[in-house]
Structure formats: C-alpha cells, structure tokens
Amino acid sequence: MELSVTGAGATVLSHLHNGSDGATHPSRGLVHATNPTSAALEDLQLTVGEGPCLDAFASGGPVLVADLTAEGAHWPAFTPGALALGVEAVFSFPLQIGVMRLGSLEFHRDVPGPLSRNEMSDAQILTDMATQGIADELAGRDTADVSWLLDPHVEVHQATGMVQVQLAVNAETALMRLRGYAFTHDLPLAEVAHQVVSRTLRFTQEEGRS
C-alpha cells in the first residue's frame, strides 16, 4: 500500500458531556501522529471546535477535501490555521465498528489534489486496521472514558472543570472560554489549559487573567 500523503493522525473521540444546546460534545485523545504537523492539525481542531476530523466522526462517512483553500466558508476558523501549517488537502475517515464510532483517521498533504481510486482503497484498508488496533486497546475499558490514552490534551479536561468553577458556568461555556483565549492570544489550547491547571492563569467574568 502507498499513499501520497504528508502525514497522518489517529484520534479517539468520546461523547463525555451534554452542552446547553442539548447535544453531546466529543472529548478527544490523540492516539498517534506521524509528524509534528499532524499533531498540530489535531490540536487546531480541538482548539477551534471544527474541522474534517469532527465532521467525519459526526457523519460516519469520509470527509475528503482535495483543496482546503476552497473550504474557507465551511470551516472559517480551522481552514486558515491549517493552511498556515502548510496543509493543503485533508482526508478524514471515521473509525467505527458497526454503528459504534471510535474516532477518526486523518491524512493530510502539503499540496492540493484528490486521492486516486487506489489510494482511496488503501486509505480504507488502513482505516480498518487502525479501527481494529484501537478496538483492541479499548477492550475491557469504558468507551466513555479516554483518560487511559496518552492524551496531550488531558489537562484541557482538568482546566475546563477549573474554569467552570471560576466562572460558575457549564462545561461547554468553560471550554468555549478556553478556546477563545487560545485563539485570541495565538496559543495552543493545551498551553492555555496548562496555565490554568498550574494556576498561572485564572479566568474572570471580565478578563482571562487576574
């Protein structure tokens, strides 16, 4: 098998809480990234709360974007950040067994262009292999708990809880404040979360820092 891609990342997603809109919102743990750009691409989607990884998980079907520059309106926050990382095309495939979705496998390129028919077949095979590998890791575990993963965003969950208390808001609003601060200050969400957990950053109703 051979795919003409620049990198790939596999992510487990889990519905951990209900938002104020009544919908469940996924928590994420990066299982593996082939290079720093792949890891940064996953971090970006967590920070802005949109992107092909989340869409593939929500829809249960592949999200194939041969040219990201044409998707600015669809993902107004994700697309500029991805292009800044040098990502020009993204292909996300859901990791699922029957109706149970575990996450997504995402490939990216530094040049635009679609996957060929043979590459699509290879991508599906790799997705099946990744699904089986993650299913084996999940065996005997609660699928609503991804804390066992080597999750670079584990502090995000802790920080969300702390901001909930600081602002007396629900988890969705607390996460939105974290994302907004990260986006405004051009910081990775994981770094903002670390500052909150280490108590060098405290959120107030007026400003992010006290």
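Fair warning: this is a prediction, and the values are worked out from it, not measured in the lab. Each residue takes its place number in the sequence, starting with 1.
- For the atom pair D186 CG and E191 CD, the distance stands at 12.0 Å (nearest 0.5 Å).
- Not one N or O on the side chain of E50 forms a donor-acceptor pair closer than 3.5 Å with the backbone of Q45.
- If you chain together hydrophobic residues whose side chains sit under 4.5 Å apart, V87 and V111 never meet in one group.
- Of the N and O atoms on the side chains of N35 and S38, at least one donor lies less than 3.5 Å from an acceptor on the other residue.
- Applying the ring-ring contact (aromatic ring centres under 6.0 Å, His included) criterion to F91, with sequence neighbours excluded, gives no partner residue.
- Considering only heavy atoms from C-beta on, R199 comes within 4.5 Å of M162 through its side chain.
- At a threshold of 4.5 Å between non-hydrogen side-chain atoms, the residues C53 and S104 count as touching.
- Between the side chain of T6 and the backbone N or O of D110, at least one donor-acceptor pair lies under 3.5 Å.
- For the residue pair E119 and S4, a side-chain donor N or O sits within less than 3.5 Å of a side-chain acceptor on the partner.
- With values rounded to the nearest 0.5 angstrom, D122 atom CG is found 5.5 Å from L3 atom CG.
- The CG atom of L95 sits 4.0 Å away from atom OG1 of T131, with the distance rounded to the nearest 0.5 Å.
- The minimum heavy-atom distance between P188 and D43, with the atom names listed, is CB-OD2, 3.7 Å.
- Side-chain atoms of H108 and T37 form no donor-acceptor pair, as typed in the model, at a separation below 3.5 Å.
- Separating the CG atom in L126 from the CG atom in L105 is a distance of 7.0 Å, to the nearest 0.5 Å.
- The CG atom of L189 sits 13.5 Å away from atom NE2 of H194, with the distance rounded to the nearest 0.5 Å.
- Within the 3.5 Å criterion, the main-chain N or O of A89 finds no donor-acceptor partner in the side chain of R109.
- Between A159 and V197, the shortest heavy-atom contact is N-CG2, 3.9 Å.
- The shortest distance between side-chain heavy atoms of I125 and D128 does not fall below 4.5 Å.
- Between the side chains of T200 and Q195, not a single donor N or O lies within less than 3.5 Å of an accepting N or O.
- Looking at E42, its side chain never comes within 3.5 Å of a backbone N or O of G9 through a donor-acceptor pair.
- The distance from the OG1 atom of T204 to the CG atom of L167 is 7.5 Å, given to the nearest 0.5 Å.
- In this structure, W75 and F78 have perpendicular ring planes: the angle between them is above 60°, well past the 30° mark.
- In this structure, F183 is a member of the same hydrophobic cluster as L41, with clusters built from ILVMFWY side-chain heavy atoms closer than 4.5 Å.
- Heavy atoms only, all atoms of each residue included: L44 and A82 are closest at CD2-N, 3.3 Å.
- Here side-chain hydrogen bond (donor to acceptor under 3.5 Å, both in side chains) pairs that include residues 78-94, with residues two or more places apart or in two chains, are S92-E106.
- Donor-acceptor pairing under 3.5 Å is lacking for the side chains of S121 and N118.
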